[in-house]
Each structure stands twice: as C-alpha cells, then as structure tokens.
Amino acid sequence: MRSSCASSDGAARIEARIRAEATRSLQLLKAIEDTVANVSGVDELLRVVASGAHALAEGVSRTRPNREIDPDDELVRTLEAGQQACERLLGEFRACAAAARADTRLTEEDGVAEAYDAASRAVCDAHDALGEAVFAIQQHDGLASGTSGGPFESADELIAHLRS
C-alpha cells in the first residue's frame, strides 16, 4: 500500500512539474512572439521614416533655390535629432541582438536576434536618409542665400569671407 501512495505522490509531483514547465514555456513563447512583433513594427516604422527622408531629399534637390527652405534651421535640427535617436536605437538594438544570441532559452528559429538585426539595418537606413535630407536642405539653402558671392580668387579672400 505504501508503494502505491508513494507512486501516487511522485506522479502528482511530476504532473505538477510538467504543467509548470508547460506554463513557463507558453509564457516564453508569448514573450518571444511579442518581442518579434514589436521589433518588426519598429523596423517597419523606420523604413517609412527612411522612405520619407529620401523623398524629402529628392524633392529639395529638384527645387530651384529661389528662397531658403529652412532659414532658421528648425527642420535641420529636427532631422539631426532624428539621426541622434537612430544612433541611440542602433546601440540598443545591437545589445538586444547580442543578448538574444546569448540567451540559452532562445534558438535561431525563434527569430528574436534576427528581428533586432533587421531593425538595426532599418535604423542605419533611416539615419542615412535623414542625413541625405539634411545635406539637401543645407545645400539648397546655401545656394538660395547667395552669401558666398561665387568662387574666391584667393585664399585670403576666402578667409576674409569666413571671418565676416
């Protein structure tokens, strides 16, 4: 009789452990799914930002420099702030990808590290596109302002202009 009770207790403990492990596994799978979905959403948003910044740069480049687009540099400062945000995100995404690769509970098939890698590429693309837009605006506004007065005849003339 005693062995039957011991077996019953042992089976109950094993069953409880299996249930606990299954619950933990489901929670891990849910966390993986949520992480991949959230990071993929950020990836998509960054691709939209990059596309918009490319379109802005192209539009500005095609615009005749009759007048300055951003005389107070507000747009340039905003775009540069976006670049700084991209730099911060890139560091975070790279750290998260490394952490996902180091986490023994995760496998390559889970796609967590890969999602962070893709988002890192999207961050780089957005950063570069924002930089292109800044360059296009500054180039356009430089031509529109006409402050240089054309090519300089000598280094002294250039230096005098820079000091003014």
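All residue numbers in this chain count up from 1 along the given sequence.
- Rounded to the nearest 0.5 angstrom, L29 CG and R105 CZ are separated by 11.5 Å.
- Annotation: side-chain hydrogen bond (donor to acceptor under 3.5 Å, both in side chains) contacts of R101 (sequence neighbours excluded): D117.
- At least one side-chain heavy atom of V60 sits less than 4.5 Å from a side-chain heavy atom of L56.
- Side-chain contact check for T35 versus D110: every heavy-atom pair is 4.5 Å or farther apart.
- The structure places OG of S25 at 9.5 Å from CD1 of I32, a figure rounded to the nearest 0.5 Å.
- For N38, there are no side-chain hydrogen bond (donor to acceptor under 3.5 Å, both in side chains) partners at least two apart in sequence or on another chain.
- A126 approaches C86 most closely through the heavy-atom pair CB-SG, 4.0 Å.
- Between the CZ atom in R67 and the OG atom in S145 there is a gap of 14.5 Å [rounded to 0.5 Å].
- A single hydrophobic cluster is seen to contain both V112 and L28, as judged by linkage of ILVMFWY side chains at heavy-atom distances under 4.5 Å, directly or through other members.
- Residues A53 and A133 share a closest heavy-atom pair of O-CB, 3.8 Å.
- Salt-bridge formation is not detected for the pair R121/D125: no Lys NZ or Arg NE/NH1/NH2 atom is positioned less than 4.0 Å from an Asp or Glu carboxylate oxygen.
- V49 and Y116 are not part of a single hydrophobic cluster, where members link through side-chain heavy atoms under 4.5 Å apart.
- Nearest approach of A136 to A57, heavy atoms of both residues: CB-O, 3.7 Å.
- Both L89 and V36 are members of a single hydrophobic cluster when ILVMFWY side chains are connected at heavy-atom separations under 4.5 Å.
- Note: D43 CG to S120 OG = 9.5 Å, rounded to the nearest 0.5 Å.
- In this structure, L90 is a member of the same hydrophobic cluster as V39, with clusters built from ILVMFWY side-chain heavy atoms closer than 4.5 Å.
- From R64, atom CZ reaches atom CG of L143 across 12.0 Å, with rounding to the nearest 0.5 Å.
- For residues 81-100, the pairs satisfying side-chain hydrogen bond (donor to acceptor under 3.5 Å, both in side chains) are E87-H127, with sequence neighbours left out.
- Hydrophobic clustering places I69 together with V76 (ILVMFWY residues linked when any side-chain heavy atoms are closer than 4.5 Å, directly or through intermediates).
- Residues I137 and L79 have side chains in contact (heavy-atom distance under 4.5 Å, counting atoms from C-beta outward).
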